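In what follows, a single structure is set out as structure tokens and then discussed.
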Amino acid sequence: MSFKQFSSDQDVIDFVQTHTAVFNNSPDLTVTEIGDGNINFVYRVDDGAQSLIVKQALPYIRVIGEAWPLSQDRIRIEAKALKQSEESCPGSVPEVYHYDAASCAIIMADIGQYQSLRQALIERQSLPGVAEELGAYVAKSLFYSSDFYLSSKAKKSIVQDFINPDLCQISEEVYFWDPFCDHERNNVNTPLAARASEWWQDAELKQAVARLKMKFQNQAQVLLHGDLHTGSVFVDPSAEHKVKVIDPEFAFVGPAGFDLGVLIANYLLNLAGQSRAAGEPEERHAYQQVLLSDVNSLWQSLTESFRRLAAEHTQDPCLQSSDIVDAWLSELLTDSLGFAGVEMTRRTLGVAHVADVEQIEDEAARAEAQTMCLDMADLLIKHAGQFSGMPVITAAVGELSFCR
Ligand code: ADP
Ligand code: MG
């Protein structure tokens with residue numbers, strides 16, 4: 001069957017009525033396009049009592065158009081990754097009601113009562129239990145797709161299922177290429193121009209980034225979400241499942257530290273943003289302490305969960321050793337810090353910035369926060385292997401970014 005874009009509300013309604021029984025043929029359905037993402041079309045279908053979400057992938061990037069073609073296989077990958085997450089960490093993603101290969105669309109649960117973690121951090125909300133739950137989610141995602149758990153054949157099978165060349169190419173370019181040279185796609189705040197030039201000429205930095213890029217391209221360690229920034233994480237601290245993760249269209253089997261690094265980086269981007277955000281300095285400083293303590297809690301929860309899973313489920317006689325688990329977690333920490341530095345760089349010099357920093361209206365004040373981001377990135381990329389544990393790291397990045 002050939003692909004057809006939904007071109008009217010009725011198309012979306014017909015699709016939902018054909019493939020789900022949620023609305024029981026209710027005649028009063030409304031369709032709203034809610035996608036604030038750049039790549040796909042996202043609709044909410046609502047009958048006043050219940051709602052669900054339809055996400056459709058076109059053969060190109062939504063905000064750019066046919067000039068930037070993109071494989072629609074990404075929506076198969078997203079549906080499969082959502083199902084995989086539901087298995088490894090039940091309740092951590094919106095339930096998938098239907099995936100339709102012909103329409104390149106997913107029908108899934110509406111998590112409208114959740115808020116993006118990015119927005120919650122920008123608003124300096126208190127989020128009890130969220131960092132711990134995120135740590136457990138990352139631990140389960142890592143463990144259940146790693147060699148600690150999977151048989152040889154099962155591992156090869158997920159590598160095969162998640163071959164994602166188009167989206168990996170985008171990541172390789174926007175994380176590891178553009179922000180390390182004077183690329184036309186970059187977006188450099190004017191007062192940051194001299195610092196950017198230094199960045200592009202820093203041989204030590206680029207060597208460290210080259211090693212991370214090689215890992216990204218060659219190390220098929222675990223199934224990654226591939227885009228685990230705080231806009232892909234939705235939270236409701238009062239819910240049974242406090243965290244829901246969406247949008248895994250960049251999923252592929254890659255280096256274990258990548259998702260964790262991107263997530264930590266987005267906490268740290270908020271940390272830097274708080275230093276020049278609107279509001280009382282005491283309140284912003286107190287929230288910076290909360291952010292650092294959240295990063296510590298996330299890591300602690302991740303390592304505790306991972307160690308428990310390995311002790312309970314690992315069968316391989318060599319991988320069962322707790323020394324091996326410790327070594328694996330130590331490499332995870334080092335790699336994730338490097339990837340965090342790369343994410344912070346691309347969100348500061350590259351094409352796609354984050355609201356946590358961009359919301360600072362004054363150009364000079366924003367440049368000061370961005371300088372903190374680059375200072376942290378420099379430390380993390382060049383010295384990732386030299387820290388003895390997460391509390392040492394959070395203390396060091398705190399020093400570089402506190403309100404002053
Ligand atoms: P894209 O792939 O284009 O980036 P996303 O999957 O990130 O699209 O979705 C864009 C936006 O649509 C999200 O930021 C969120 O606000 C909303 N959204 C996506 N999925 C859901 C869902 N299951 N429930 C509620 N809102 C959703
Ligand atoms: Mg997306």
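Since this is a predicted model, take the numbers as computed values, not measurements. First listed ligand is number 1; within each ligand, the first listed atom is number 1. All values below were derived from every heavy atom in this structure, side-chain atoms included, with hydrogens, water molecules and symmetry-related copies excluded.
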The one among Tyr114, Phe234, Phe41 that brings a heavy atom closest to atom 15 (C) of ligand 1:
Phe234

From Glu249, Gln115, Lys55 - option closest to atom 6 (O) of ligand 1 by heavy atom
Lys55

NZ/NE/NH1/NH2 to OD/OE distance under 4.0 Å, Lys4 and Asp11:
yes

What is the closest protein heavy atom to atom 23 (N) of ligand 1, and at what distance does it sit?
Ala109 O, 2.9 Å

Taking the six-membered ring for Trp, are Tyr175 and Phe258 ring centroids under 6.0 Å apart?
yes

Indicate, with yes or no, if the rings of Phe216 and Phe176 have centres closer together than 6.0 Å.
yes

If we ignore hydrogens and angles and just use 3.5 Å, is the side chain of Asp362 paired with the main-chain N or O of Ala365 as donor and acceptor?
yes

Centre-to-centre under 6.0 Å for His19 and Phe15, is that the case here?
yes

What do you reckon, does Asp247 have a nitrogen or oxygen under 3.5 Å from a nitrogen or oxygen of ligand 1?
yes

Examine all N, O or S atoms of Asp247, backbone included, and report whether one is under 2.8 Å from the Mg ion (ligand 2).
yes

Mark up the atoms of ligand 1 that fall under 4.0 Å of a heavy atom belonging to Asp110, in ascending order.
24 (N), 25 (C)

To the nearest 0.1 Å, how far is atom 9 (O) of ligand 1 from its closest protein heavy atom, and which atom is that?
Val42 CG2, 3.7 Å

Side chain, backbone, both or neither: Ile246 near ligand 1, heavy atoms under 4.0 Å:
side chain

Residues Arg346, Glu343: salt bridge by 4.0 Å N-O rule
yes

Among N, O or S atoms, Glu249 approaches the Mg ion (ligand 2) most closely through OE2

Polar atom proximity, Ile39 to ligand 1 (N or O, under 3.5 Å):
yes

When you measure from the centre of the six-membered ring of Tyr99, is the NZ or CZ of Arg76 closer than 6.0 Å and no more than 45° off the axis?
no

Backbone or side chain, does any N or O of Ile53 fall under 3.5 Å from an N or O of ligand 1?
no

Side chain to side chain, Trp199 and Val188, heavy atoms closer than 4.5 Å:
no

